[in-house]
Peer 1: 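Okay, handing you the structure first.
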Amino acid sequence: EHTSRQVNVHDVMQSQNNDSSNEVLINTYPLDFVAEYSILMPVHNEQESIAPVVRDIYDKLCRDGKYSLEIVLAEDGSKDGTKETIRKLSTEICLKAILSSKRKGYAGGIKDGLKLVSAPFVLICDSDGQHRPEDFWELKKVLEKEGFRRDLIVSGYRKVRSDAFHRRIISKVFQKL
């Protein structure tokens, strides 16, 4: 069972990209762990929020073992201690992470994180607590209704947001696309 730290393998590797930026890859899942779903979170300067958010997701979606979910963090060149927080968190909770020395942006973080994903279905959510873990089950219901088609993209958004005004406008425009 992947909730037991005793059976986990803790791999930390340095990798060298073509653009000469260093990345650290972390995987604390057992070698035989198979994920049904991946929760991918791009992370940038979230030192204060990342640990509580990941613990909340773990407690509400992973702890009971009902579904095999992997947590994947794509850290994107943070300068505030986020990397150290993720390293510490990886000793407490099974997760995968890529820690980048270079800022690549939100889409670049997602692209990096997708390299670590092993599950056929991926939920991408923000790492600042904007998304509630319980909403995963609503998105899963849509997948079930559609027969778990792998060519399907299920998108959700929060009706009540705590974003700044300009972020809400950008989000509304994006949702219309």
Side-chain angles (χ1 to χ4, degrees), residues 2 8-31 33-62 67-133 135-136 139-140 143 150-158 167 170-171 174:
H2 73 279
N8 287 338
V9 174
H10 187 85
D11 292 331
V12 178
M13 307 181 293
Q14 283 291 115
S15 69
Q16 188 74 22
N17 282 341
N18 293 335
D19 63 5
S20 71
S21 65
N22 288 323
E23 294 176 340
V24 174
L25 305 176
I26 298 171
N27 181 358
T28 59
Y29 287 99
L31 292 175
F33 178 73
V34 178
E36 296 173 88
Y37 303 94
S38 294
I39 299 169
L40 169 58
M41 291 182 279
V43 181
H44 181 71
N45 288 340
E46 298 289 351
Q47 178 183 11
E48 298 300 319
S49 64
I50 191 62
V53 167
V54 170
R55 284 186 187 107
D56 191 38
I57 288 171
Y58 179 81
D59 288 343
K60 292 179 178 166
L61 300 179
C62 303
Y67 295 99
S68 177
L69 290 106
E70 70 180 356
I71 297 171
V72 178
L73 306 177
E75 189 284 320
D76 189 28
S78 298
K79 303 294 184 195
D80 69 345
T82 298
K83 289 177 184 69
E84 292 74 24
T85 301
I86 292 172
R87 282 187 179 103
K88 182 177 183 301
L89 189 61
S90 74
T91 66
E92 304 167 19
I93 294 174
C94 291
L95 60 82
K96 292 180 180 177
I98 183 165
L99 310 179
S100 179
S101 62
K102 179 179 167 186
R103 177 91 168 115
K104 299 174 189 172
Y106 190 80
I110 290 172
K111 185 178 171 184
D112 279 353
L114 287 172
K115 294 174 189 174
L116 300 181
V117 164
S118 65
F121 301 103
V122 182
L123 172 68
I124 299 172
C125 66
D126 291 341
S127 59
D128 60 1
Q130 285 280 341
H131 299 107
R132 296 179 326 140
D135 292 340
F136 168 80
L139 296 171
K140 184 180 172 299
L143 275 175
R150 292 182 186 216
D151 62 341
L152 180 69
I153 295 175
V154 179
S155 177
Y157 64 93
R158 306 238 344 123
R167 295 285 306 232
I170 292 169
S171 180
F174 181 75

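Predicted model, so just to flag it, every value in this text is computed and none were measured.
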Peer 1: Check this for me: does any side-chain nitrogen of one of K115 and E23 sit under 4.0 Å from a carboxylate oxygen of the other?
Peer 2: no
Peer 1: Using modelled atom types only, decide if a donor and an acceptor are shared between the side chain of Y29 and the backbone of I71 within a distance under 3.5 Å.
Peer 2: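 Yes, the answer is positive, given that a donor and an acceptor are paired below the 3.5 Å cut-off.
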Peer 1: Any donor and acceptor pair, going by atom type alone, linking the side chain of N45 with main-chain N or O of K79 inside 3.5 Å?
Peer 2: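 Pair found, side chain donor or acceptor close to backbone of K79.
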Peer 1: Going from SG on C62 to CD1 on I39, what distance comes out if it is rounded to the nearest 0.5 angstrom?
Peer 2: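 It comes to 5.0 Å.
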Peer 1: Can you find a pair of side-chain heavy atoms, one from P42 and one from D76, that are under 4.5 Å apart?
Peer 2: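 No - every pair of side-chain heavy atoms lies 4.5 Å or more apart.
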Peer 1: Within the structure provided, determine whether V53 and D128 are in side-chain contact (heavy-atom separation under 4.5 Å).
Peer 2: no
Peer 1: For S100 and E75, indicate whether the former's side chain and the latter's backbone hold a donor-acceptor pair under 3.5 Å.
Peer 2: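 Not a single qualifying donor-acceptor pair exists.
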Peer 1: Which pair of heavy atoms, one from A51 and one from T85, lies closest together, and at what distance?
Peer 2: CB-CG2, 4.0 Å
Peer 1: Just wondering, do E92 and R55 contact through their side chains at under 4.5 Å, heavy atoms?
Peer 2: yes
Peer 1: Less than 4.5 Å apart, side chain to side chain, heavy atoms only: is that true for K83 and V24?
Peer 2: no
Peer 1: Kindly compute the distance separating NZ (K96) from CG (L25), expressed to the nearest 0.5 Å.
Peer 2: 10.5 Å
Peer 1: Quick one: closest heavy-atom pair of S38 and A119, and the distance?
Peer 2: OG-CB, 3.2 Å
Peer 1: Between L61 and L69, what is the shortest heavy-atom contact and its length?
Peer 2: O-CD1, 3.1 Å
Peer 1: Measure the spacing between CG of D80 and CD of E48 and express it to the nearest 0.5 Å.
Peer 2: 8.0 Å
Peer 1: Is D126 close to Y106 at the side-chain level, that is, under 4.5 Å between some pair of heavy atoms?
Peer 2: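 Yes; the side chains approach each other to less than 4.5 Å.
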Peer 1: Without swapping roles, check the side chain of S127 against the backbone of M41 for a donor-acceptor pair under 3.5 Å.
Peer 2: no
Peer 1: Before giving the answer on side-chain contact (heavy atoms from CB on, under 4.5 Å), spell out for N27 and F33 the whole-Å C-alpha distance, their side-chain angles and the decisive distance to 0.1 Å.
Peer 2: CA-CA 11 Å; N27 181 358; F33 178 73; over 6 Å; no
Peer 1: Closest heavy-atom contact between S49 and P52?
Peer 2: O-CD, 3.1 Å
Peer 1: Kindly compute the distance separating OG1 (T28) from CZ (R87), expressed to the nearest 0.5 Å.
Peer 2: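 If we round to the nearest 0.5 Å, T28:OG1 and R87:CZ are 13.5 Å apart.
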Peer 1: What is the distance from atom CD1 of I98 to atom CD1 of I86, rounded to the nearest 0.5 Å?
Peer 2: 11.0 Å
Peer 1: Quick one: pull up CG in L95 and CG in L89 and give me the separation to the nearest 0.5 Å.
Peer 2: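 Between L95 CG and L89 CG, I get 5.5 Å after rounding to 0.5 Å.
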